[in-house]
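The block underneath contains the structure these notes are about, expressed in structure tokens.
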Amino acid sequence: AMALCLKQVFNKDKTFRPRKKFEPGTQRFELYKKAQASLKSGLDLKAVVQLPPGESINDWIAVHVVDFFNRINLIYGTMSEYCTEKSCPIMSGGLKYEYRWQDDSKYKKPTKLSAPQYMCMLMDWIEMLINNEDIFPTRIGVPFPKQFQQVCTKILTRLFRVFVHVYIHHFDSIINMGAEAHVNTCYKHFYYFIREFSLIDHRELEPLVRMPQGWGG
């Protein structure tokens with residue numbers, strides 16, 4: 001099922017974005033490999049997200065933000081055909097939550113957008129940030145900026161909204177594509193990570209607090 005999902009994504013060029021690469025030989029590449037290995041070993045996800053002894057927290061957060069961006073981007077890509085201007089004219093999480101878009105260039109004030117428009121703006125915005133060497137430095141010895149964790153909180157908060165929208169509005173599509181287990185694992189991993197480092201305001205998590213049994217948690 002996973003192969004099918006990925007195939008669907010790769011066939012849709014518009015939804016697949018170039019990943020930010022971790023260069024082999026760098027400390028961050030080693031950290032990324034370590035994180036992936038412990039995921040594959042089927043360890044408890046609560047343990048997987050913990051900072052490995054002796055590692056820098058900012059490096060660890062950087063690796064995960066980039067990895068979550070790639071994975072959530074793929075998840076949304078697989079269901080983007082079900083998320084249209086017609087089906088989702090507002091970027092929302094059920095009737096109670098509506099997300100408006102704001103950035104420093106085109107939308108200076110929070111603006112109502114359709115879900116597909118919001119997702120497009122979001123993925124472009126994150127991509128711009130993670131490819132900015134001043135914010136996500138890749139060279140060894142180049143320090144992270146002071147506001148690094150604040151930037152990551154903003155990225156992760158907005159990525160969480162992708163889960164909210166996908167779970168609440170497109171869960172039947174996830175099931176029909178056989179992607180439920182994959183999406184749930186990705187969500188749990190993300191959730192344990194943000195909880196471990198208190199990276200998202202708990203009020204942002206409310207839309208998914210009462211998810212039906214078996215939806216992660």
Side-chain angles (χ1 to χ4, degrees), residues 1-12 15-17 19-22 28-52 55 60-83 93-94 115 119 122-123 126 130 152-153 155-200 202 204-217:
M2 190 54 212
L4 177 75
C5 289
L6 288 174
K7 206 168 102 206
Q8 282 178 305
V9 175
F10 288 112
N11 289 345
K12 280 190 229 138
T15 59
F16 184 70
R17 291 150 194 280
R19 294 159 179 245
K20 164 124 176 173
K21 292 275 193 291
F22 298 107
R28 224 159 288 158
F29 179 72
E30 296 306 318
L31 259 189
Y32 175 68
K33 280 201 320 200
K34 195 183 278 187
Q36 292 300 308
S38 50
L39 257 187
K40 286 194 184 84
S41 69
L43 285 173
D44 169 25
L45 286 169
K46 281 182 182 155
V48 164
V49 297
Q50 290 165 9
L51 182 67
E55 297 294 355
W60 189 239
I61 291 174
V63 162
H64 283 79
V65 166
V66 173
D67 192 36
F68 287 135
F69 165 65
N70 284 324
R71 291 207 266 153
I72 293 166
N73 198 21
L74 280 177
I75 285 171
Y76 181 69
T78 60
M79 49 212 42
S80 59
E81 66 192 279
Y82 306 105
C83 183
M119 299 296 186
L122 174 61
M123 299 308 179
I126 297 175
I130 63 178
C152 289
T153 284
I155 292 174
L156 293 167
T157 299
R158 287 177 168 183
L159 279 175
F160 183 78
R161 293 168 182 178
V162 180
F163 281 120
V164 172
H165 182 75
V166 164
Y167 268 127
I168 291 175
H169 296 277
H170 302 293
F171 196 65
D172 51 347
S173 304
I174 298 174
I175 292 172
N176 292 341
M177 291 191 311
E180 187 185 353
H182 172 67
V183 175
N184 282 346
T185 301
C186 188
Y187 171 69
K188 277 185 184 170
H189 187 200
F190 182 94
Y191 178 80
Y192 287 137
F193 185 79
I194 58 172
R195 289 296 296 265
E196 175 74 13
F197 301 104
S198 306
L199 288 167
I200 295 187
H202 64 92
E204 282 283 341
L205 305 176
E206 279 170 12
L208 295 184
V209 161
R210 284 178 293 281
M211 290 203 302
Q213 223 35 53
W215 272 27

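- For Ile130 against Phe69, the heavy-atom pair with the smallest separation is CD1-CD2, 3.5 Å.
- Here the two rings, on His189 and Phe68, have centers that are under 6.0 Å apart.
- Between Cys83 and His170, some side-chain heavy-atom pair lies under the 4.5 Å cut-off.
- The closest donor-acceptor contact from the side chain of Asn176 to the backbone of Asp172 lies under 3.5 Å.
- Closest approach of Ile72 to Cys186, counting heavy atoms only: CG1-SG, 4.5 Å.
- Using a 4.5 Å heavy-atom cutoff, the side chains of Ile126 and Arg158 are not in contact.
- No side-chain heavy atom of Ile75 sits less than 4.5 Å from a side-chain heavy atom of Val162.
- The shortest non-hydrogen separation linking Ile168 to Gly94 is CG2-N, 3.4 Å.
- To the nearest 0.5 angstrom, Ile194 atom CD1 is 12.0 Å from His202 atom NE2.
- No side-chain heavy atom of Phe160 sits less than 4.5 Å from a side-chain heavy atom of Leu199.
- Of the charged side-chain nitrogens involved, none lies within less than 4.0 Å of a carboxylate oxygen, so that Lys46 and Glu196 do not count as a salt-bridged pair.
- For Tyr187 and Tyr167, the ring centers are positioned less than 6.0 Å apart.
- Contact of the Tyr191 side chain with the Leu208 side chain is not registered, since no non-hydrogen atoms from C-beta on lie closer than 4.5 Å.
- One finds the CG atom of Leu159 at 11.5 Å from the CZ atom of Arg71 (value rounded to the nearest 0.5 Å).
- Within the model, atoms CD1 of Ile200 and CD1 of Ile155 stand 11.0 Å from one another, a figure rounded to the nearest 0.5 Å.
- Here CD1 of Ile174 is found 7.5 Å from CG of Asn184. Values are rounded to the nearest 0.5 Å.
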Trace of the ring-ring contact (aromatic ring centres under 6.0 Å, His included) decision for Phe193 with His64: CA-CA 8 Å; Phe193 185 79; His64 283 79; 4.4 Å; yes

